[in-house]
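Worksheet: the structure to be examined is printed underneath.
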Amino acid sequence: MDARSLRALAHPLRMRILDLLTLDGPDTATGLARRLGENTGTVSWHLRHLADHGFIEEDAGRGTRRERWWRAVRVARRLDTNDFRHDPDIRGALSVYLHETVQRDFEQVTTYLAEDWDEEWRDAGTLSRWQDLRLTPEQLAALNAELEAVVVRHRAAARSGTAADAAADAAADAGDARPVLVQLQSFPRKQRDAR
């Protein structure tokens, strides 16, 4: 993601709109406004802004002239925060983006914890924490790359539609599959001096 795209996205409401379209699929300004508790005109303005910057597009196969449907553009976007940390012109947008991302992840976890899931799903989910690792920056980067590769492999298998996935597809059609969020947080922490 470049500085222009980051500035366009770094707004709490735009980030929430994009998240809903990405997670739940196409919707209208009216539908999104209702879900977000916002004014339809405000949501429409932000939708156009997201579309101008390539984050979303109109779903031309739906709706009417009065009712426009929007969908997230499915492209991989990677933000390397190191590209912007020392740029005073973009630092504010980066701060908003990171804050909203962490807030969204926190809200998704607390929602999951508050929801009533049957035992099979409750036992399948996890909130894990390992605090006894001591790694170099290179080792931490390697750990993150390996974990990302595992998620990418599972996502590819779920999308492949090969004969080997027929059982998984049948289970998905039967309603056994659910959307799953994977949140990974790994970062160094300051060590307190021993007393």
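Count residues from 1 along the sequence.
- Under the 4.5 Å side-chain heavy-atom criterion for grouping Ile, Leu, Val, Met, Phe, Trp and Tyr, V75 is not connected to V152 through any hydrophobic cluster.
- A single hydrophobic cluster is not seen to contain both V109 and L181; linkage of ILVMFWY side chains at heavy-atom distances under 4.5 Å, directly or through other members, places them apart.
- A single hydrophobic cluster is seen to contain both W121 and L113, as judged by linkage of ILVMFWY side chains at heavy-atom distances under 4.5 Å, directly or through other members.
- The side-chain heavy atoms of L140 and P188, taken from C-beta on, include a pair separated by under 4.5 Å.
- The hydrophobic cluster around V43 extends to M1, L6, L9, L13, M15, I17, L18, L20, L21, L32, L36, L47, L50, F55, I56, W70, L79, F84, I90, L94, Y97, L98, counting ILVMFWY residues whose side-chain heavy atoms fall within less than 4.5 Å of a member.
- Closest approach of R77 to V73, counting heavy atoms only: NH1-O, 3.9 Å.
- For E58, the salt bridge (charged side-chain N to carboxylate O under 4.0 Å, His left out) test picks out R68, with sequence neighbours left out.
- For residues 83-95, the pairs satisfying side chain to side chain donor-acceptor pair (under 3.5 Å) are T81-R85, with sequence neighbours left out.
- Judged as a side chain to side chain donor-acceptor pair (under 3.5 Å), and not counting sequence neighbours, the contacts of D24 are R35.
- Not counting sequence neighbours, the partners of H46 by the side chain to side chain donor-acceptor pair (under 3.5 Å) test are R14.
- F106 belongs to no multi-residue hydrophobic cluster, having no ILVMFWY side-chain contact under 4.5 Å with any other such residue.
- Screening residues 92-101 for salt bridge (charged side-chain N to carboxylate O under 4.0 Å, His left out), with sequence neighbours left out, gives no hits.
- Pairing each heavy atom of A93 with each of A10, the nearest pair is O-CB, 3.2 Å.
- Within a 6.0 Å radius of CZ in R4, no more than 12 heavy atoms belonging to other residues, nucleotides or ligands are found.
- Partners of E138 according to the side chain to side chain donor-acceptor pair (under 3.5 Å) rule, which considers only residues two or more places apart in sequence or in another chain, are T136.
- In terms of the side chain to side chain contact (heavy atoms under 4.5 Å, CB included) criterion, residue partners of V150 (sequence neighbours excluded) are, by chain and number, R153, H154.
- Applying the salt bridge (charged side-chain N to carboxylate O under 4.0 Å, His left out) test to E148 and every residue at least two apart in sequence or in another chain returns R78.
- Side-chain contact between W69 and R71 is absent, with no heavy atoms from C-beta onward closer than 4.5 Å.
- Among all heavy-atom pairs drawn from A72 and T22, the shortest one is CB-OG1, 3.5 Å.
- Residues V180 and V151 are members of one and the same hydrophobic cluster, defined by side-chain heavy-atom contacts under 4.5 angstrom among Ile, Leu, Val, Met, Phe, Trp and Tyr.
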Practice item. Decide yes or no on side-chain contact (heavy atoms from CB on, under 4.5 Å) for L23 and Q108, but give the supporting numbers first. Key: CA-CA 12 Å; L23 293 174; Q108 288 170 338; 3.7 Å; yes
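- Here the CD atom belonging to E67 is positioned 7.0 Å from the OG1 atom belonging to T30, to the nearest 0.5 angstrom.
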Exercise for review: Check step by step if side-chain contact (heavy atoms from CB on, under 4.5 Å) holds for Y112 and Q183.
Suggested key: CA-CA 12 Å; Y112 160 70; Q183 297 180 357; over 6 Å; no
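- Taking CG of L147 as the reference point, atom OG of S186 lies at 7.0 Å (rounded to 0.5 Å).
- In this pair, H49 and H53 present their aromatic rings tilted. The plane angle is within the 30 to 60° band.
- The list of salt bridge (charged side-chain N to carboxylate O under 4.0 Å, His left out) pairs with a residue in residues 103-126, not counting sequence neighbours, reads D19-R104.
- Listed by chain and residue number, Q191 satisfy the side chain to side chain donor-acceptor pair (under 3.5 Å) test with R134 (two or more places apart in sequence, or in another chain).
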